[in-house]
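Below you'll find the structure, written out as structure tokens, and then a few comments.
Every chain is numbered from 1 and lettered A, B, ... according to where its sequence line falls, protein lines coming before strand lines.
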Protein chains: 2
Amino acid sequence: MGTTHLESVPEPKYWHLKTVLSEALDSEFTVGEILPNERELAARFGVARATLRQALEQLELEGRLQRRRGVGTTVAPPRMGVAVGTGQQAWPGGGDDAWRAVDSTDAVPPSTVATALEIPREQSVHIVRRSRVSHGQPVAAELLYVPHASVPDLSAIDTANQAARARAVLRELQRLQLDTQDRAVELGSARADDAKELDRLPGAPVLVVTTRFFAAGRTAALSVATYRADTCRLTFGASGGVEIHHGPERRAS
Amino acid sequence: MGTTHLESVPEPKYWHLKTVLSEALDSEFTVGEILPNERELAARFGVARATLRQALEQLELEGRLQRRRGVGTTVAPPRMGVAVGTGQQAWPGGGDDAWRAVDSTDAVPPSTVATALEIPREQSVHIVRRSRVSHGQPVAAELLYVPHASVPDLSAIDTANQAARARAVLRELQRLQLDTQDRAVELGSARADDAKELDRLPGAPVLVVTTRFFAAGRTAALSVATYRADTCRLTFGASGGVEIHHGPERRAS
DNA sequence: TAGTGGTCTAGACCACGGC
DNA sequence: CCGTGGTCTAGACCACTAG
């Protein structure tokens with residue numbers, strides 16, 4: 001990594017810096033290697049630390065770097081492909097699900113969720129919390145909202161064992177005939193509790209996958225899954241996904 | 001685990017600020033309304049402008065705000081749902097496609113693309129540029145990579161009319177039997193040219209949708225589509241998608 | 001030209017992890 | 001304890017848009 005200072009160009013310094021660092025990462029660093037600290041990097045490039053940080057932020061957003069307070073900045077491995085839709089539709093919690101049921105509560109959902117579920121405001125639903133781990137890393141946290149009407153036969157459950165309660169709700173769900181489902185993906189920022197579960201700071205960028213499950217002409221369940229945007233590439237369809245990534249860009253004129 | 005975790009963790013100022021602003025947006029502002037400028041807001045909340053900006057950045061990332069240099073900060077409308085997969089598989093450019101072909105060139109793709117296409121490095125391919133507009137706003141820019149082998153009958157085309165050339169490539173593609181396709185979504189930041197097309201600054205957060213098209217046992221084409229992450233919610237499946245969102249919405253008068 | 005958001009600086013202190 | 005990244009300040013100037 002050279003120490004050449006930056007020329008005065010119309011291009012913002014942090015943008016140029018990001019490009020330089022990106023190329024250095026490609027050619028001079030290996031995955032897992034730790035970079036010089038921010039104060040030294042800033043000095044080396046002749047910019048303020050805030051400017052250097054702006055470039056690092058971008059690279060972290062693109063999944064090239066990983067920064068951890070008290071530790072340092074390391075070169076991140078390529079994003080892992082995380083299968084989100086297998087093509088065929090299926091209830092959550094069935095068969096070889098990648099999720100682990102954490103617990104379940106009974107509470108009033110946010111009004112936006114109530115609207116999507118087509119139930120009255122202030123009506124409580126089952127809220128199942130699940131988490132997903134891939135390659136030894138936590139990659140997603142999910143809240144699954146299930147109206148009582150969708151699992152009418154749910155017997156009285158030992159409320160002390162929350163995980164068992166969660167599994168019971170999922171089991172009851174399987175008995176319904178799944179009509180269809182639709183899905184949406186958008187960018188969000190991690191709430192404090194999700195951030196903790198995902199081992200990130202609050203506000204970290206996440207991909208929010210919202211899935212609506214329809215059965216018997218109703219919205220039978222709603223899943224809001226929060227994936228780490230820095231480490232995950234969400235894949236849809238049969239195969240494992242595409243391995244397109246950063247790297248030298250070239251374009252015709 | 002017997003210890004009480006009542007630790008009074010001082011919440012970062014920008015995080016608290018974001019919460020306060022978010023609530024204010026719900027209750028005291030209407031879509032399209034312009035906020036006080038950053039210097040005034042910072043003074044009003046008793047923080048430095050940089051701190052205030054950190055909060056605004058988050059809200060913009062979540063699609064709550066839109067900031068335009070020289071103009072001001074406005075309350076953004078809810079994200080628009082943008083259909084990305086209709087469920088059934090289809091070639092790009094067929095029928096009622098939401099895309100507009102811009103031009104086409106013949107060039108060597110990035111090495112990552114060459115790998116995905118299973119072609120040798122340094123081998124040139126057709127690169128079709130397309131753009132997508134929704135509700136009067138540019139929402140996505142696409143680069144479609146088509147190996148020459150996929151469109152062998154493409155006749156000599158008037159290279160002066162780039163748009164016609166692009167349409168010709170797409171037309172030839174339809175003649176192939178589409179076997180299957182897979183798709184991946186990940187977070188990225190807009191390259192300079194994409195940013196310009198999307199009417200955003202370079203580095204703006206985007207959702208990158210990579211689609212691989214298989215035909216005759218080969219990867220016949222590869223699409224890399226870049227969607228504005230601030231204004232778009234990508235929807236999959238038959239219906240229009242879910243309308244999960246932050247708090248109460250009100251319309252401007 | 002006036003006012004906005006975008007960039008940048010040179011400091012300071014804090015929270016966390018490892019030693 | 002020390003070194004790391006995370007937060008915050010109080011300025012400055014630049015780039016853009018609109019009247």
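- Between the P atom of D/dG5 and the CG atom of A/Leu35 lies a distance of 9 Å, rounded to the nearest Å.
- What separates CD of A/Glu40 from P of D/dT4 is a distance of 9 Å, to the nearest Å.
- Proximity of B/Tyr14 to the phosphate of D/dT7: a side-chain N or O atom is located under 4.0 Å from OP1 or OP2.
- Contact check, A/Asn37 against D/dG3: no side-chain N or O comes under 4.0 Å of OP1 or OP2.
- Between the CD atom of B/Gln66 and the P atom of C/dT4 there is a distance of 18 Å, given to the nearest Å.
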- If you write DNA chain D from 5' to 3' in dot-bracket form, with Watson-Crick or G-U pairs under 3.5 Å, [ ] for crossing pairs and | for pairs with another strand, what do you get? ||||||||||||||||||.

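- A donor-acceptor pair is defined here as one N or O able to donate and one able to accept, closer than 3.5 Å; such a pair exists between the side chain of B/Arg79 and the backbone of A/Leu187.
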- Item | From CA spacing to verdict: side-chain contact (heavy atoms from CB on, under 4.5 Å), B/Glu186, A/Leu234 | CA-CA 6 Å; B/Glu186 64 185 312; A/Leu234 308 183; over 6 Å; no

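- With rounding to whole Å, B/Lys18 atom NZ is found 12 Å from D/dT7 atom P.
- Checking the phosphate oxygens (OP1, OP2) of C/dT9, a side-chain nitrogen or oxygen of A/Thr51 falls inside 4.0 Å.
- The local environment of CG in A/Asp106 is crowded, with over 12 non-hydrogen atoms from other residues, nucleotides or ligands closer than 6.0 Å.
- For the pairing with A/Glu60, the salt bridge (Lys or Arg N to Asp or Glu O under 4.0 Å) check across A/Arg68, A/Arg200, A/Lys18 returns one residue only, A/Arg200.
- Between the side chain of B/Glu33 and the backbone N or O of B/Thr30 there is at least one donor-acceptor pair closer than 3.5 Å.
- One interatomic measurement links the two molecules: CD1 of A/Ile34 to P of D/dG3, which rounds to 13 Å at whole-angstrom precision.
- Side-chain proximity of B/Glu38 to the nucleotides C/dC8, D/dC8, C/dG6 is greatest for C/dG6.
- Aromatic ring pairs are classed by plane angle as parallel below 30°, tilted from 30° to 60° and perpendicular above 60°; the pair B/Tyr227 and B/Trp99 is perpendicular.
- Scanning both residues, A/Val128 and A/Ser104, for their nearest heavy atoms gives CG2-OG, 4.0 Å.
- As a whole-Å value, the separation of A/Gln58 CD from C/dG6 C1' is 13 Å.
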- Under 4.0 Å protein heavy-atom contact, by nucleotide of nucleotides 10-19 of chain D - B base, S sugar-phosphate only: --BB-BBB--

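- A/Arg200 has its CZ atom 14 Å from the C1' atom of C/dC16, to the nearest Å.
- A donor-acceptor pair under 3.5 Å is absent between the side-chain atoms of B/Arg53 and the main chain of B/Glu38, judged by distance alone.
- Using a 4.0 Å cut-off, some side-chain N or O of A/Arg67 falls inside it from OP1 or OP2 of D/dG6.
- B/Thr73 has a side-chain polar atom (N or O) that falls below the 4.0 Å cut-off from OP1 or OP2 of C/dG5.
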- Message: Would A/Arg67 and A/Glu57 count as a side-chain contact (heavy atoms from CB on, under 4.5 Å) here? Give the steps.
- Response: CA-CA 9 Å; A/Arg67 297 192 286 174; A/Glu57 233 156 72; 3.5 Å; yes

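- Remark: P of D/dT7 and CD of B/Glu11 are 12 Å apart, rounded to the nearest angstrom.
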